[in-house]
Amino acid sequence: MNPLKPALWYVCAVKRRAVGIFYLIQYAAFGLVCLLVALFTGRVAATYNGMEAASAAFVGVVGVLTFQEDFRALLQQGCTRRCIFAASVCQFGLLACFMAAVDTALTQLLHRLMPTFVTVFGLLYGQRGALVNGLWLAAAYWFVCSLCYLAVVVRGRVGKTTFLALGVGALALLVVFVTFLRLVVPRAAARAALTVLGLPPGGGVHPLTPVLLFLALGALLSACSYALLRRTECF
Amino acid sequence: MKVDPNAEKPLFLQIAEQIEDAIFTGALAEEAQVPSTNEISALLKLNPHTVLKGVNLLVEEGLLYKKRGLGMFVCAGALSRICEKRRAAFFAQFVSPLAQEAHKLHLPKETVLELVERSFEQ
Amino acid sequence: MRGIEVRGVTKRYGSHAALQNLSVTFDFGKIYGLLGRNGAGKSTLIGLLANRLFPDEGAVFIDGQPATENGGARERIFCMSEADFYDKDLKIQDQFRWTARFYPTFDLPRAHALAKQVGLNETRRFSALSKGYQSFFKLIVALSLDLPYVVFDEPVLGLDAAHRDLFYRLLLEAFQQKERTYILASHLIEEAAGLMEEVVLLHRGALLLQEEVETLRRQAYRLTGPAAEVEACCAGGRLLGRQSLGGLQTVYYLGEKPALPVGSRVQADPLPLQELFIKLTEEESEGVA
């Protein structure tokens with residue numbers, strides 16, 4: 001018996017309904033906004049562009065649930081941690097691709113209908129092809145999901161108190177680091193940051209660079225998750 | 001059937017005795033089928049291995065035999081074998097304690113014999 | 001079928017050792033009672049068998065395969081746990097269906113039949129069930145699996161008398177259908193003692209005793225009588241406790257039944273298992289002097 005297949009089915013199936021409900025709420029809310037705008041201004045136009053952000057938050061929640069609920073259930077069903085991890089990562093990949101495809105298709109469509117509506121990707125890199133937009137979104141979702149998963153795995157290993165301390169510590173470190181960069185090497189740091197985000201200061205736009213960056217970071221975070229998960233106990 | 005888990009006698013012996021008693025009283029006729037190990041085990045909520053041990057004891061004594069695929073049956077002549085066994089044990093099990101008790105009560109032998117005779121007349 | 005071997009396992013939580021260099025073997029084809037008081041280490045041992053916990057020292061083997069992070073061992077053992085590891089929002093029928101996908105030997109029709117028999121409504125969510133039915137759901141899963149080793153952690157918790165009785169019957173039925181090992185972990189044993197062939201008694205994370213139930217029954221006695229005579233009788237065995245009531249003394253005694261001299265006023269009764277275990281695991285502060 002190879003439990004990877006049922007494990008992957010399981011983690012996906014228990015979230016199927018959540019994805020459906022999420023989209024229902026998301027577009028109901030958007031529809032309502034459009035309707036209100038239309039009623040009051042008489043124009044069919046909306047500049048709401050929090051859709052991708054909402055999706056990113058949602059995939060983050062999925063990452064959290066995958067550890068808190070599925071880990072215990074799958075362990076009880078006789079899966080090893082290696083199998084659970086593999087199923088989780090596959091799930092993140094599938095979910096990121098699926099949601100990126102849906103979001104890209106819908107936001108591109110909305111952009112065609114209402115030129116005032118701009119996708120997050122379009123905002124950053126200018127309107128480009130749907131494919132690169134989708135790729136970028138998928139990589140970003142996968143990164144967010146992996147990050148949240150790692151966070152909750154860390155929390156599972158070290159306990160709530162230590163986790164909060166670690167979180168605060170990490171934030172403080174980040175602030176110090178950024179401040180340090182800005183004070184000491186302002187130019188170089190800004191250049192480097194823009195370059196890896198696909199907006200080199202020298203001009204031109206390379207949206208594939210951040211895709212690679214997100215994928216690499218996601219893989220790195222996942223590797224860290226596995227290193228912790230393989231010794232995580234379940235009480 | 002009933003076993004007492006807190007009695008000193010091991011459970012498998014209690015089971016063997018009860019089946020033997022059933023044969024002795026005629027509740028289980030010769031060549032009749034004996035309840036299966038599983039049935040007894042389920043009825044008494046006992047480990048099947050314990051029941052099996054008791055049943056096997058009776059097989060060794062030649063009181064039960066196994067028909068392949070059908071179950072356990074009472075051997076022909078089981079009743080007379082039990083009677084024989086119990087007759088042999090009669091002295092140790094009943095007569096000897098009687099004499100001991102009589103001795104403790106300072107009952108003379110003649111009185112005891114008289115009582116025994118009276119009990120036969122009833 | 002080499003059974004379950006626990007070899008020199010130590011498991012610590014911080015500075016507290018839940019299991020201390022524990023070695024014990026469970027053979028294939030027997031019903032075991034895994035006994036011990038609260039905190040004796042039963043659940044920790046089950047957590048190790050179930051791959052939920054990792055030993056700090058030593059290892060657990062299931063038919064010779066390491067129990068930890070090993071798919072091969074996972075296919076041989078199932079541990080019904082006292083804690084609920086299931087997705088509480090799933091309906092019972094879906095829980096069964098998922099179990100069948102993870103365990104190809106899961107007997108889905110039998111699970112449905114058992115659910116019907118105990119009156120478990122399969123369309124309800126796990127979280128909506130009463131404590132007793134939650135327990136019975138987990139028992140049905142364990143009883144419908146065809147695996148060589150099945151462990152029950154506090155199986156009758158929250159069950160009423162009729163359901164407890166039913167569980168013992170179903171357990172025997174499954175055991176008779178196919179040879180396997182059942183381990184029943186509990187601190188209440190009297191009503192299940194007849195089912196068990198062997199008991200493993202844990203105390204403070206260590207093995208206190210492993211013995212066949214039949215043997216154990218003939219090894220523990222309560223001697224009651226005049227103090228001097230009782231004391232004379234129990235020279236050969238181990239004393240577990242003493243109680244005095246006026247001139248009468250009661251002694252709990254572990255060992256072969258002492259030969260009582262003719263005319264002795266000492267009475268020797270076999271000690272019920274539950275009482276024996278209480279005496280064996282009683283802390284000094286709790287005992288009656």
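Worth knowing before you read on, the calculation uses all heavy atoms, side chains too, and leaves out hydrogens, waters and symmetry mates. All chains are named by letter (A, B, ...) in the order of the sequence lines, taking the proteins before the strands, and each is independently numbered beginning at 1.
- Heavy-atom distances place no part of A:Cys83 under 4.5 Å from chain C, backbone and side chain included.
- The shortest side-chain heavy-atom distance between A:Arg72 and C:Asp84 does not fall under the 4.5 Å cut-off.
- For a residue to count as touching a neighbouring chain, one of its non-hydrogen atoms must lie under 4.5 Å from one of that chain's; by this rule C:Tyr13 touches chain A with the side chain only.
- With a 4.5 angstrom heavy-atom cutoff, A:Arg230 touches chain C only via backbone atoms.
- The closest donor-acceptor contact from the side chain of C:Arg101 to the backbone of A:Lys5 lies at 3.5 Å or more, if one exists at all.
- Heavy-atom distances place no part of C:Asp94 under 4.5 Å from chain A, backbone and side chain included.
- When all heavy atoms of A:Gln77 and C:Thr99 are compared, the pair lying nearest together is NE2-OG1, 3.5 Å.
- Shown here for A:Cys234 and C:Phe85, the closest heavy-atom pair between the two residues is SG-CE2, 3.4 Å.
- Environment of CZ in A:Phe177: sparse, with no more than 12 heavy atoms of neighbouring residues, nucleotides or ligands closer than 6.0 Å.
- The shortest heavy-atom contact between A:Pro6 and C:Trp98 is O-CZ3, 3.7 Å.
- By the neighbour-count criterion of 12 heavy atoms within 6.0 Å, atom CZ of A:Phe180 is sparsely surrounded, having that number or fewer from other residues, nucleotides or ligands.
- Of all heavy-atom pairs spanning C:Phe102 and A:Cys79, the tightest one is CE2-SG, 3.5 Å.
- Ranked by heavy-atom pairs under 4.5 Å with chain A, the list C:Ile77, C:Asp87, C:Asn70 is led by C:Asp87.
- No other option in A:Glu233, A:Arg82, A:Glu69 has as many heavy-atom pairs under 4.5 Å with chain C as A:Glu233.
- A:Arg231 CZ to C:Glu69 CD: the interatomic distance, rounded to the nearest 0.5 Å, is 8.5 Å.
- Within a 6.0 Å sphere centred on CZ of C:Arg169, heavy atoms belonging to other residues, nucleotides or ligands number more than 12.
- Inter-residue side-chain proximity for C:Arg52 and A:Gln76 is flagged as met; some heavy-atom pair is nearer than 4.5 Å.
- The contact between C:Leu90 and chain A is made entirely by side chain atoms (from C-beta outward), counting heavy-atom distances below 4.5 Å.
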